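Below you'll find the structure, written out as structure tokens, and then a few comments.
Values reported hereafter were calculated over all heavy atoms of this structure, with side chains retained and with hydrogens, waters and symmetry mates removed. Just so it is clear, the model here is predicted, and its values are computed rather than measured. By convention here, the first residue in the shown sequence is residue 1.
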Amino acid sequence: MTAGRWAISSWRRPVVAAAAGALPVLAFPEPNWWWSAPVALVPWLLLIRTAPTGRRAALDGWCGGFGLMLTAHHWLLPSLHVFTPVLAALLGALWAPWGALARRLLTGAPSARRAVAALLALPSGWLMIELVRSWQGLGGPWAMLGASQWQTAPALALASVGGVWLLSFLLVCVNTAVTLLLVVGSARRVAAAALAVVAVAAASAWAWAPRPAPGGTARIALVQPGVVTGEDGPERRFALEERFTREPASRGEELDLVVWGESSVGEDLATRPDLARRLTALSRDTGAPLLVNVDARRSDRPGIFKSSVLIGPQGPTGDRYDKMRLVPFGEYVPLRSMLGWATSVGRAADEDRRRGSAPVVMDAAPGLRLGPLVCFESAFPDMSRHLAAEGAGLLVVQSSTSTFQGTWAPEQHASLAALRAAETGVPTAHATLTGVSAVYDGSGRAVGPRLGTSERGVSVHTVHLAGPGATLYTTWGSWPLPCAAGVLVVLAAMAATARLRARRGR
């Protein structure tokens, strides 16, 4: 290695790259070191810029991406076993071109022009990676870098402008600027200017970003039965949910909505009228509609569905939402004819769930329009945006992370509800079987108590529903994505033109 470069032997370099790539995951719950995200990529970038060749930098990018994806999804190991590192390696390959690009722009003593290109190209390239890996078949948009800032008010305000995409772009931009500050050269002034621009943008969004006008208020209860095991588990869980649902009414509390978690009802209500009658009686006794989640084979069509079903004092209202985006391996096996053997080595689904065809906004009560999402779907910002645009005043996520108790998954999943609320300006309730259950207002701030993974019971929250108006993200959508693609196209065209002129000069 030449002077000024990290003296790392070739066989150790992939290990160091994987470790550096894993650092950003520490910004997510748990351990929730969100403050580390603006510098978490710096060690990885410093390593890449010392690569002796572009090919080596691409390998550094791949290894770092592998470390990032494996660490972000490590809690899947008990379920997917060998598929977890394989998936991490496949997704990690997305960072290989990004690594080569980072070396080209950061190596040596970057000029001011090269620094500007790095501050635009590297965040844009990162966004394209996040876009590709957000495809449901590749695991969905879990652990997007911007999602690590779910509890910082300026970041949540920025999310209302450009969604999680804008947060990811700006975080990579800040990391790139910090890297440039550590590099001797004329790039330092450019880096300092970039940091100032990001600070001004965050302050401006915090102060002036539009949000929906506040609507009426609603009292909602989240029921969390906790871990229930055994052959008679579904019936005992149902009984616990009944008991917890009645508690607020026994204290004289009035409710507008009661929410149960994902798979809270294990039988189709048409084939189990006794369960339908018990739910109807609960709605009458509490004076509030119930949103339950049925995970069962339907009587009116073939296959197993996960469905949000609204129950009123007269019985099922007819409002039903069937989950549209299913968890790979957990709820269906991609290419089952080839990968069906996964069911013998992990906890893959023995039978594929069926998909719903369209999102649904339900009129639960006068002035209370709710948009249900089921578990994994809260990771997809476009789904909550669609429900907000359709007039939902409250987003409801019904989830179950029972399989992943004792891991980082429950806390990470609950944090996504805060981000979806901030993006759309619509309060979001996250109700689970075993925690974490929480409610966030239209700014992404927690409302009332939350139920952790070691708790069971019912939590009651008073929320201000979203009224007229919309956030910029709801109106404009994921505009940072086409902007990032445009940046890459323009920079590629400029590089090609410069190369062509150099050849003609020779």
Side-chain angles (χ1 to χ4, degrees), residues 216-230 232-267 269 272 274-295 308-317 362 364-365 367-368 370 372 394-402 405 410 414 417 427-441 446-465:
T217 59
R219 293 270 290 171
I220 62 176
L222 309 185
V223 174
Q224 182 171 300
V227 177
V228 181
T229 59
D232 61 342
E235 180 58 37
R236 289 193 294 118
R237 179 186 299 118
F238 194 97
L240 280 171
E241 289 165 328
E242 281 183 303
R243 177 162 66 86
F244 293 144
T245 298
R246 296 183 189 279
E247 284 186 4
S250 68
R251 299 191 297 261
E253 297 185 58
E254 295 184 357
L255 299 175
D256 298 294
L257 178 68
V258 178
V259 184
W260 289 12
E262 179 187 18
S263 305
S264 49
V265 179
E267 299 284 345
L269 295 179
R272 287 291 304 274
D274 57 317
L275 296 183
R277 286 193 294 269
R278 288 164 69 179
L279 292 170
T280 302
L282 273 177
S283 178
R284 277 198 303 268
D285 294 345
T286 59
L290 274 65
L291 186 70
V292 301
N293 189 270
V294 179
D295 183 1
S308 301
V309 178
L310 192 65
I311 310 292
Q314 306 304 320
T317 65
M362 302 178 180
L368 177 55
L370 62 91
L394 173 69
L395 300 176
V396 178
V397 182
Q398 295 175 295
S399 175
S400 171
T401 50
S402 308
Q405 292 291 97
T428 303
H430 186 261
T432 73
L433 294 183
T434 57
V436 173
S437 295
V439 175
Y440 303 93
D441 67 14
V447 176
R450 56 185 250 142
L451 297 173
T453 55
S454 62
E455 300 175 89
R456 58 174 48 172
V458 58
S459 60
V460 180
H461 310 256
T462 301
V463 297
H464 290 276
L465 306 174

Applying ring-ring contact (aromatic ring centres under 6.0 Å, His included), can you list everything that pairs with Phe238, at least two apart in sequence or on another chain? Trp260

Smallest separation among heavy atoms of Leu222 and Ala431, with atom names: CD2-CB, 4.1 Å

Quick one: does any side-chain atom of Asn293 pair with a main-chain N or O of Gly261 as donor and acceptor, under 3.5 Å? no

Between Arg237 and Pro225 the two heavy atoms that sit nearest each other are CG-CG, 3.7 Å

Is there a side-chain contact between Leu257 and Leu368 in this structure, where contact means two heavy atoms from C-beta onward sitting under 4.5 Å apart? yes

How close do Ala221 and Val458 get, counting heavy atoms only, and between which atoms? CB-CG2, 3.8 Å

Partners passing side-chain contact (heavy atoms from CB on, under 4.5 Å) against Glu253 (at least two apart in sequence or in another chain): Arg219, Pro248, Arg251, Val460

Are any side-chain N or O atoms of Ser283 and backbone N or O atoms of Ala288, one a donor and one an acceptor, separated by less than 3.5 Å? yes

From Leu255 CG over to Thr245 OG1, what is the distance, rounded to the nearest 0.5 angstrom? 9.0 Å

Kindly indicate whether the side chain of Glu262, heavy atoms from C-beta on, has any atom under 4.5 Å from the side chain of Asp295. no

side-chain hydrogen bond (donor to acceptor under 3.5 Å, both in side chains) involving Arg277 - partner list, sequence neighbours excluded: none

From Glu254 CD over to Thr286 OG1, what is the distance, rounded to the nearest 0.5 angstrom? 11.0 Å

Distance check, rounded to the nearest 0.5 Å: Arg284 atom CZ versus Ile311 atom CD1? 12.0 Å

With Gln405 via side-chain hydrogen bond (donor to acceptor under 3.5 Å, both in side chains) - residues at least two apart: Thr434

Minimum heavy-atom distance Gly367-Leu465, with the two atoms named: O-CD1, 3.4 Å

Exactly one of Gln224, Arg450, Glu455, Arg456 should register a side chain to side chain donor-acceptor pair (under 3.5 Å) with Ser437. Which one does? Gln224

By side-chain hydrogen bond (donor to acceptor under 3.5 Å, both in side chains) - contacts of Ser399 (at least two apart): His413

Flag the pair Met362 / Leu291 as yes when at least one side-chain heavy-atom distance between them is below 4.5 Å, and no otherwise. yes

All heavy atoms of Thr280 vs all of Pro313, minimum pair found to be CG2-O, 3.2 Å

For Leu290 and Val223, run side-chain contact (heavy atoms from CB on, under 4.5 Å): C-alpha distance rounded to whole Å, both residues' side-chain angles, the deciding distance at 0.1 Å, then the answer. CA-CA 10 Å; Leu290 274 65; Val223 174; over 6 Å; no

Going by side-chain hydrogen bond (donor to acceptor under 3.5 Å, both in side chains), name the residues that satisfy it together with Glu235, two or more places apart in sequence or in a different chain. Arg278

If you look at every heavy atom in Leu310 and Pro289, which pair is closest and at what distance? CD1-CB, 4.1 Å

Do the non-hydrogen side-chain atoms of His464 and Asp441 ever get within less than 4.5 Å of each other? no

Could you check whether Thr428 and His430, counting side-chain N and O atoms only, form a donor-acceptor pair closer than 3.5 Å? no

Please evaluate residues Val439 and Val463 with respect to the criterion side-chain contact (heavy atoms from CB on, under 4.5 Å), reporting the C-alpha separation (whole Å), side-chain torsions for both, the decisive distance (0.1 Å), and the verdict. CA-CA 8 Å; Val439 175; Val463 297; 3.4 Å; yes

